[in-house]
Amino acid sequence: MASSTLSQTGNPVLDIALDTLDKGKQCLVFLGTKKSAEKAAEDIAKALKGSTEGHKDIAEKALDALSSPTKQCERLARCLGKGVAFHHAGLAQKQRELIEEQFRTGGVSIICCTPTLAYGVDMPAYRSIIRDLRRFSKHGMSWIPVLDYLQMAGRAGRPNYDKMGEAIIACATEAEEEEAVERYIRGKPEEIYSKLAVEPVLRTHVLSLIATGFASTGKQLLDFFSSTFYAHQFRDIPRLGMVLEKMLAQLGEWEFIVLPGKDDFTSAYEIDEQRIRPTLLGKRVAELYIDPLTAHTFVTRLQDASDRRLHAFSFLQMVSHTQEMRPLLRVRAKEMEGVQQRFLAYHASVLEPEPSLYDPDYEEYLNSVKTGLMLLDWSEEKTEEFLLKQYDVRPGELQAKLNTADWLLYSSEEICKIMQFRSLLREISTLRFRLRYGAREELLPLLRFEGIGRVRARILFNNRVRDAAGVKAANLATLKHLLGEKIALSLKKQVGEDVKEVSEGKRKGQVSLKKFE
DNA sequence: GGACGGTGAAACTTCAGGTTGCCTC
DNA sequence: GAAGTTTCACCGTCC
């Protein structure tokens with residue numbers, strides 16, 4: 001426990017971090033927000049004297065992770081130049097891997113992070129410095145769970161790297177110190193509670209058990225859930241039976257399962273005699289592992305969509321308006337008007353009906369509109385820096401949203417196949433492709449080539465090379481001029497032209513074009 | 001006297017993370 | 001609730 005009275009710089013976290021370096025050791029600093037993690041890393045980096053030469057390569061790699069670096073990349077590179085890093089879910093995957101690898105090999109000595117690094121990582125940290133023990137929640141600031149503290153503290157002194165480790169809580173006041181000791185050093189970890197009680201989770205598992213044939217009667221379902229940790233904890237089996245019964249009725253109504261004589265049962269015990277069968281749709285929904293409620297919403301919306309004039313945004317907003325996409329981008333008070341204004345252009349083609357302005361769901365609906373607009377901008381070739389400025393979405397957060405959106409769009413594609421909504425298939429699959437590359441539809445033929453992402457495809461397209469025939473027709477010298485020698489030769493090979501191999505290495509003066517594959 | 005830059009107080013804003021599907025346009 | 005950021009008034013310096 002560090003008290004501010006020991007401070008050398010007026011900043012206890014900085015003091016302890018610098019002291020760790022003096023000892024020739026490495027440390028992790030845990031902070032409560034991404035911004036704090038970035039600022040702490042920057043403060044430590046600034047306090048370090050000496051040149052950045054030794055870490056130049058690492059800094060360059062961090063800048064190189066995206067096709068054009070964002071402000072966040074530049075900030076990270078500046079810190080890495082001094083052997084310090086910040087680490088949170090907003091970083092690009094490559095940057096996160098780079099930092100973790102460099103921490104293991106000694107190229108980075110200090111990482112300031114959010115809880116990203118608290119769970120399941122094994123790294124040579126001699127110290128864990130924990131600054132923020134309170135975090136913002138629905139009910140204002142609240143103390144983090146003891147279990148979370150233990151996870152962070154447990155990152156120090158891993159058996160593979162050190163014989164011992166130190167976990168240090170940095171407190172601002174004596175009162176905070178007392179509370180921290182009581183709560184985290186002397187306190188007991190919290191009880192663990194089953195998550196099965198959450199409706200979407202239970203719903204997903206009920207369908208999955210039926211779809212896989214693991215259970216085909218109410219009794220089998222009840223027997224299964226009775227032996228789970230959830231039932232062990234809550235003990236109220238009759239109530240569990242009632243919940244299951246309600247859930248089965250709902251899944252039946254949505255046509256994911258068939259309940260013979262479904263009107264007859266009144267309790268889970270009475271459905272014992274009946275065999276529940278999954279429908280084709282129900283089986284596929286279970287395989288896709290989405291919440292059956294989401295799947296049901298998709299079925300309903302896509303049914304209405306077949307004969308309507310749609311836009312990419314129609315699908316993007318539909319998938320954004322799901323449990324799986326949460327947490328959504330938040331619409332701030334001052335943006336409200338702007339988002340509503342932009343929404344007007346797509347209003348007629350939207351699949352998810354807009355609630356009234358006074359509906360409690362309106363705010364979340366508008367959030368789904370903003371999230372959909374952000375995805376749309378990405379698919380229209382806006383840069384990561386633009387998205388960071390416009391939506392406050394960092395590259396890592398963008399990637400996470402893109403993954404989820406792709407999964408949900410794939411699921412809606414599969415639903416269309418089963419429900420025979422053939423007219424929508426092409427539109428959805430094109431959109432998935434566009435989302436994957438962050439490119440307009442016109443670039444699709446070029447993106448099929450190996451080594452061509454959205455940046456190179458755009459360069460080619462703007463120079464009238466628009467598809468395989470265009471690549472064939474193009475002069476090799478022109479392609480070399482646009483993309484560099486290696487890529488030009490590779491392209492020509494891919495369209496079946498026999499071209500001469502050239503010497504290794506990058507041509508002098510050639511600009512490196514990267515990487516949306 | 002005006003342009004400019006530095007400083008600090010006050011007002012304002014925002015707040016962790018991650019699993020799941022399939023392979024093709 | 002608090003850290004971090006932005007805004008703005010104020011002051012000193014320089015030309």
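Just the heavy atoms: all of them, side chains too, but no hydrogens, waters or symmetry mates, feed the values below. Reminder, nothing fancy here: chain letters follow the sequence lines and each chain counts from 1.
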Just call it for A:Arg330: base, sugar-phosphate, or nothing, with non-hydrogen atoms closer than 4.0 Å on any strand.
-> sugar-phosphate
Please list, chain by chain and in numerical order, all residues satisfying salt bridge (Lys or Arg N to Asp or Glu O under 4.0 Å) with A:Glu364, sequence neighbours excluded.
-> A:Arg326
Euclidean distance, atom CZ of residue A:Phe30 to atom C1' of B:dG17 [Å, nearest integer] = 13 Å
Hey, could you give me the CZ/OG1 distance between A:Arg440 and A:Thr430, rounded to the nearest 0.5 Å?
-> 15.5 Å
Could you pull out all donor-acceptor pairs under 3.5 Å where a side-chain atom in residues 200-210 of chain A meets a protein atom, sequence neighbours excluded?
unit_1	atom_1	unit_2	atom_2	d
A:Arg203	NE	A:Asp291	OD1	2.9
A:Arg203	NH1	A:Glu199	OE2	3.2
A:Arg203	NH2	A:Asp291	OD1	3.2
A:Arg203	NH2	A:Asp291	OD2	2.8
A:Thr204	OG1	A:Pro200	O	2.6
A:His205	ND1	A:Val201	O	2.9

Across all chains, not counting sequence neighbours, the side chain to side chain contact (heavy atoms under 4.5 Å, CB included) partners of A:Glu97 are A:Gln93
What's touching nucleotides 1-7 of chain C from the protein side, N or O pairs under 3.5 Å?
none

Measure the distance from CG on A:Leu329 to P on B:dC15 and round it to the nearest whole Å.
-> 10 Å
Just by protein heavy atoms under 4.0 Å, how would nucleotides 18-25 of chain B read 5' to 3' in B, S and -?
-> B-BBS-BB
Whole-Å gap separating P (B:dT14) and CZ (A:Arg394) | 12 Å
Using purine N1 to pyrimidine N3 plus N6-O4 or O6-N4 for Watson-Crick, or N1-O2 and O6-N3 for G-U wobble, each under 3.5 Å, what pairs with B:dC15?
-> C:dG1
Donor-acceptor pairs are to be reported for all side-chain atoms of residues 393-400 of chain A against protein atoms at under 3.5 Å, with residues two or more places apart or in another chain.
unit_1	atom_1	unit_2	atom_2	d
A:Glu397	OE1	A:Arg394	N	2.7
A:Glu397	OE2	A:Lys34	NZ	2.7

So, is A:Lys34 near the phosphate of B:dT14, with a side-chain N or O under 4.0 Å from OP1 or OP2?
-> no
What pairs with A:Phe313 under ring pair (Phe, Tyr, Trp, His ring centres under 6.0 Å), at least two apart in sequence or on another chain?
-> A:Tyr346
Crowded around A:Gln341 CD? As in, over 12 foreign heavy atoms under 6.0 Å?
-> no
Please work out which residues in residues 364-377 of chain A have a non-hydrogen atom less than 4.0 Å from an atom of DNA chain B and list them by number.
-> none
With A:Phe433 via ring pair (Phe, Tyr, Trp, His ring centres under 6.0 Å) - residues at least two apart | A:Tyr437
Ring pair (Phe, Tyr, Trp, His ring centres under 6.0 Å) partners for A:Phe449, two or more places apart = none
What residues, two or more places apart in sequence or in another chain, satisfy ring pair (Phe, Tyr, Trp, His ring centres under 6.0 Å) together with A:Tyr289?
-> none
Mind checking salt bridge (Lys or Arg N to Asp or Glu O under 4.0 Å) for A:Lys472 and listing every partner two or more places apart, or none if nothing turns up?
-> none
